Amino acid sequence: MNELKFEMIDMETWNRAPTYHYFTEEVTPTSFTVNIDFDITVLKSALKAKNLKLFPTYLYIISNAIKKQNEFRLSLKDNKLGYWNFLSPQYPIFHEDSKTITFLWTEYDDNFYVFYNRYLEDVKNYNKDDKVICPKGNSPENTYIISCIPWFTFNGLAMNMQNIENYFFPMIVSGGLKEEQGRMKMPLSITINHAAADGYHIHIFQQHLQHLMNHPQEWMK
């Protein structure tokens, strides 16, 4: 089980402090969105072989990649800036009958199967009620927003972040899968506060995530 911790940042020694101050104090708070196609051919084959679902696996690998990167776990706690040691996903549940969504969250764990089973349990316990927007209750401070639009694929999608002054976690949305030259691709939209991260950090995240997709045997044990 992961023990949740918050590590405060020393603003005097933090190398990103000038950029953070610029985007929080000198200009209008700014977010930006990057859209990337990920190759999930290997991952999809591994899931089929083990009869596992894609969506909870998607939640796991995104959360795992986020854990590898401080910039994606930046947060304010008691007006102090720092990093959570991991983030948990908050995701929508679609209700087929009413065509509405409610929101659940599942605590992240490094062990894929622990997280996967937690997700199944949460959905089993809380997916019936479409009248309460958060049937499991309010999410913890270390949850980030992640979603999926499975009905269509996209080349570009942007989330409009309002009142982003104190929100630094990424917002992530995937689209429907598409086949290109015999490979299965998943479009992914990543939106983040510019005070927390730059394009370079998206690049590092992309590398982490694609590695997880290409090598499921490393974590799907």
Side-chain angles (χ1 to χ4, degrees), residues 1-7 34-75 82-93 103-123 139-148 150 159 167-175 177 184-193 196-221:
M1 179 178 293
N2 295 64
E3 180 184 355
L4 184 60
K5 298 177 182 178
F6 185 80
E7 180 181 353
V34 176
N35 292 278
I36 304 171
D37 280 351
F38 285 89
D39 188 328
I40 68 162
T41 307
V42 174
L43 176 60
K44 197 166 183 295
S45 177
L47 293 175
K48 183 178 180 181
K50 292 181 176 289
N51 195 29
L52 294 169
K53 299 176 182 293
L54 176 59
F55 185 70
T57 304
Y58 157 68
L59 299 179
Y60 172 82
I61 59 176
I62 295 290
S63 302
N64 188 287
I66 285 174
K67 191 182 178 192
K68 292 176 167 64
Q69 206 159 351
N70 283 347
E71 293 79 14
F72 281 23
R73 293 179 279 104
L74 187 69
S75 183
Y83 302 112
W84 295 104
N85 59 326
F86 69 91
L87 301 186
S88 296
Q90 179 177 356
Y91 50 91
I93 295 293
F103 293 97
L104 291 182
W105 55 271
T106 297
E107 185 180 7
Y108 172 77
D109 195 277
D110 287 331
N111 185 295
F112 167 65
Y113 291 102
V114 170
F115 174 81
Y116 189 94
N117 288 323
R118 281 178 182 170
Y119 165 86
L120 295 180
E121 191 69 16
D122 283 336
V123 172
S139 59
E141 293 179 273
N142 67 317
T143 51
Y144 70 99
I145 298 169
I146 182 170
S147 185
C148 175
M159 299 293 290
Y167 187 84
F168 304 111
F169 297 156
M171 298 174 65
I172 295 176
V173 182
S174 66
L177 305 184
M184 293 303 299
K185 301 294 184 67
M186 180 181 73
L188 195 74
S189 171
I190 306 163
T191 301
I192 195 163
N193 190 318
D198 306 319
Y200 171 76
H201 304 107
I202 301 292
H203 165 65
I204 298 301
F205 176 78
Q206 176 191 18
Q207 291 183 317
H208 286 321
L209 186 56
Q210 190 62 68
H211 180 88
L212 291 169
M213 293 176 175
N214 290 346
H215 303 279
Q217 73 282 357
E218 294 180 359
W219 48 270
M220 196 184 291
K221 300 175 181 178

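A quick note: this is a predicted structure, and the numbers were derived from the prediction, not measured.
Looking at every heavy atom in both residues, Ser63 comes nearest to Leu87 through CB-O, 4.1 Å. Closest non-hydrogen pair, Phe38 versus Gln210, comes out as CD2-OE1, 3.4 Å. The minimum heavy-atom distance between Lys221 and Glu218, with the atom names listed, is CE-O, 2.8 Å. The nearest pair of heavy atoms linking Asn85 to Arg73 is CA-NH1, 3.8 Å.
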Would Lys44 and Met186 count as a side chain to side chain contact (heavy atoms under 4.5 Å, CB included) here? Give the steps.
CA-CA 11 Å; Lys44 197 166 183 295; Met186 180 181 73; over 6 Å; no

Take Asn193 and Leu74, measure what side chain to side chain contact (heavy atoms under 4.5 Å, CB included) needs, and give me the verdict at the end.
CA-CA 10 Å; Asn193 190 318; Leu74 187 69; over 6 Å; no

Step by step, work out the side chain to side chain contact (heavy atoms under 4.5 Å, CB included) result for Leu43 and Met220.
CA-CA 10 Å; Leu43 176 60; Met220 196 184 291; 4.2 Å; yes

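With Tyr83 contributing its side chain and Lys5 its backbone, the two residues share no donor-acceptor pair below 3.5 Å. Looking at Tyr144, its side chain never comes within 3.5 Å of a backbone N or O of Phe72 through a donor-acceptor pair. For Thr143 (side chain) and Pro140 (main-chain N/O), a donor-acceptor pair under 3.5 Å exists by modelled atom type. Judged by distance alone, the side chain of Ser88 and the main-chain N or O of Tyr108 form a donor-acceptor pair under 3.5 Å. Side chain of Tyr119 to backbone of Glu107: no donor-acceptor contact under 3.5 angstrom is found. When atom types are taken as modelled, the side chain of Asn142 and the backbone of Phe86 share a donor-acceptor pair closer than 3.5 angstrom. Side chain of Gln90 to main chain of Phe103: no donor-acceptor pair is present (N/O by atom type, distance under 3.5 Å, no hydrogens or angles).
To the nearest 0.5 Å, the span separating CG on Leu59 from CD1 on Ile146 amounts to 5.0 Å. Considering CG of Leu104 and CG of Asp122, their distance stands at 6.0 Å, rounded to 0.5 Å. Rounded to the nearest 0.5 angstrom, Ile40 CD1 and Ser174 OG are separated by 9.0 Å. Taken from CG in Asp37 to CD in Gln206, the straight-line distance is 10.0 Å, to the nearest 0.5 Å. For the atom pair CE of Met213 and CE of Met184, the computed distance is 12.0 Å after rounding to the nearest 0.5 Å. Annotation: the span from Cys148 atom SG to Ile172 atom CD1 amounts to 12.5 Å, rounded to 0.5 Å.
Ala65 is linked by a side chain to side chain contact (heavy atoms under 4.5 Å, CB included) to Phe205, His208, Leu209, Leu212, counting only residues two or more places apart in sequence or in another chain. Partners of Tyr113 by ring-ring contact (aromatic ring centres under 6.0 Å, His included), not counting sequence neighbours: none found. For Asp39, the side-chain hydrogen bond (donor to acceptor under 3.5 Å, both in side chains) test picks out Thr41, Arg183, with sequence neighbours left out.
Side-chain contact check for Ile66 versus Pro170: some heavy-atom pair is nearer than 4.5 Å. With a 4.5 Å cut-off on side-chain heavy atoms, Phe169 and Ile145 do not count as touching. You'll find the side chain of Trp84 reaches within 4.5 Å of the side chain of Leu4, heavy atoms only. The shortest distance between side-chain heavy atoms of Leu47 and Tyr58 does not fall below 4.5 Å. Side-chain contact between Leu120 and Lys53 is present, with at least one heavy-atom pair separated by less than 4.5 Å. Considering only heavy atoms from C-beta on, Pro187 stays 4.5 Å or farther from Asn35 through its side chain.
By the 6.0 Å contact criterion, CD on Glu7 is open, its count of non-hydrogen atoms from other residues, nucleotides or ligands being 12 or less. Environment of NZ in Lys185: crowded, with over 12 heavy atoms of neighbouring residues, nucleotides or ligands closer than 6.0 Å.
Below 30°, between 30° and 60°, or above 60°: for Phe112 and Trp219 the angle between ring planes is above 60°, a perpendicular geometry. The aromatic rings of Tyr91 and Phe55 sit perpendicular, their planes meeting at an angle over 60°, well past the 30° parallel limit.
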